[in-house]
Amino acid sequence: MLKNFQALREQVGTAAPKTVAVACAHDAHTLEAVFRAAEEGILRYILVGRKDDILRIGKELGHSIPENAILHTETDAEAAETAVKLVREGRADFLQKGLMQTSTILKAVVNKETGIGLGRPMSHTALLEIPGYHKLLGVADGGMIPAPDLEAKKAILHNAVELFRRLGYERPMVSAVCAAETVSPKIIETVDAAALKEAAQTGTFGSCCVEGPISLDLALDKSSAAIKGYESPVCGETDILLVPTMAAGNMMVKSLLTFAGAKMVGVVTGARCPIALNSRSASFEEKYNSLLACALAGGQ
């Protein structure tokens with residue numbers, strides 16, 4: 001169990017360093033995060049993007065970058081394709097999105113001829129450090145698949161569970177959260193949640209515990225579950241919240257960041273390697289922690 005991002009940092013420090021390919025690395029916050037992780041021995045890096053800008057920003061940050069650590073590209077699309085190629089050729093273990101549109105790097109990842117897809121949907125997992133909750137909490141999927149049907153939810157669940165296993169969890173606890181904890185044919189998310197629980201019990205997702213349908217309060221608070229008489233190992237011990245729609249996950253995460261002082265990491269899984277995926281305006285700290293998560297998760 002990872003209590004917070006500091007615990008993640010300590011665990012990464014015990015593993016062999018991985019190599020990150022940074023697409024459109026001409027961004028100060030991204031480079032600052034990469035340099036910090038490299039100085040700490042967590043990773044090695046290959047920077048892809050506008051060479052002159054990368055060298056200039058590195059100098060402004062007080063770093064002299066070896067020229068052989070930079071691959072010059074003129075366009076964002078070329079940077080994405082080059083970074084993906086580095087992973088495909090085994091020269092990098094994971095990807096970091098720099099100053100570019102998310103759609104640009106994902107297009108390169110899923111390219112059937114030159115990409116690194118695995119033939120299944122990719123999905124986004126937010127890792128949250130929340131004051132008041134005793135460990136890191138995953139939210140999937142609040143960033144990629146807008147209105148997943150049952151099969152898409154199975155892929156999202158598979159990706160999130162696999163990520164947590166790579167972070168050191170033997171049996172991730174998953175709550176398929178809904179507005180209620182009883183199955184109702186009129187509320188399709190509850191029907192899907194029950195189906196996911198049944199699939200997990202037959203071993204579809206490997207070693208994990210999936211509960212659903214379950215409301216958010218029961219998933220995160222043992223006392224609420226006790227009052228309602230809801231018994232499940234996940235109550236108060238949930239590692240991953242599987243949300244019914246992207247909108248639900250997005251609003252949940254942004255509410256926690258805005259009003260609860262949470263900190264976030266964004267990781268995309270379902271390809272040959274994890275992808276550190278942050279907003280272009282994300283802070284140094286968020287990008288640094290995303291690198292930690294991907295460095296620990298390694299390649300697939």
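Reckoned from all heavy atoms, side chains included, excluding hydrogens, waters and symmetry mates.
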**Neighbour count above 12 (heavy atom, 6.0 Å) for E60 CD** = yes
**Message:** Less than 4.0 angstrom from a charged side-chain N to a carboxylate O is my criterion; do E74 and R50 meet it?
**Reply:** no
**Asked** Would you say L8 and I275 are hydrophobically clustered, going by side-chain heavy atoms of ILVMFWY under 4.5 Å?
**Response** yes
**Asked** How would you list all residue pairs meeting salt bridge (charged side-chain N to carboxylate O under 4.0 Å, His left out) that involve residues 241-267, not counting sequence neighbours?
**Response** K263-E285
Quick one: side chains of residues 28-36, donor-acceptor pairs under 3.5 Å with protein atoms, not counting sequence neighbours, listed by atom name and distance.
| from | atom 1 | to | atom 2 | distance (Å) |
| --- | --- | --- | --- | --- |
| H29 | ND1 | A282 | O | 3.2 |
| T30 | OG1 | D27 | OD2 | 2.6 |
| T30 | OG1 | K287 | NZ | 3.0 |

**Request:** Take T238 and Y133, measure what side chain to side chain contact (heavy atoms under 4.5 Å, CB included) needs, and give me the verdict at the end.
**Result:** CA-CA 10 Å; T238 295; Y133 197 60; 3.9 Å; yes
**No-hydrogen, no-angle side-chain donor-acceptor test under 3.5 Å, S64 and K59** = no
**Message:** Can you list everything that forms a salt bridge (Lys or Arg N to Asp or Glu O under 4.0 Å) with E10? Sequence neighbours excluded, please.
**Reply:** none
**Request:** Group every Ile, Leu, Val, Met, Phe, Trp and Tyr by side-chain heavy-atom contacts under 4.5 Å, then state whether V139 and I156 land in the same group.
**Result:** no
**Donor-acceptor under 3.5 Å (S283 side chain, E286 main chain)** = yes
**Request:** Spell out, as yes or no, whether a donor-acceptor pair under 3.5 Å connects the side chain of K97 to the backbone of N278.
**Result:** yes
**Asked** Would you find a donor on one side and an acceptor on the other, under 3.5 Å apart, between the side chain of S207 and the backbone of E170?
**Response** yes
**Prompt:** Which residue pairs pass the salt bridge (charged side-chain N to carboxylate O under 4.0 Å, His left out) test with at least one member in residues 195-215, sequence neighbours excluded?
**Reply:** K197-E211
**Request:** Give a yes or no on whether a salt bridge exists between E81 and K85, defined as a side-chain N under 4.0 angstrom from a carboxylate O.
**Result:** no
**Prompt:** Under the 3.5 angstrom rule, does the side chain of T258 hit a backbone N or O of S255 as a donor-acceptor pair?
**Reply:** no
**Request:** Would you mind checking if K228 and D217 are paired as a salt bridge, meaning a charged N to carboxylate O distance below 4.0 Å?
**Result:** yes
**Asked** How would you list all residue pairs meeting side-chain hydrogen bond (donor to acceptor under 3.5 Å, both in side chains) that involve residues 123-132, not counting sequence neighbours?
**Response** S123-N159
**Message:** Checking the side chain of Y45 only, and the main-chain atoms of A37 only, is there a donor and an acceptor separated by less than 3.5 Å?
**Reply:** no
**Prompt:** With sequence neighbours left out, what residues match E237 under salt bridge (Lys or Arg N to Asp or Glu O under 4.0 Å)?
**Reply:** K135, K222
**Asked** Heavy-atom count around E231 CD within 6.0 Å, excluding the residue itself: above 12?
**Response** no
**Message:** How close do D141 and I145 get, counting heavy atoms only, and between which atoms?
**Reply:** OD2-N, 3.5 Å
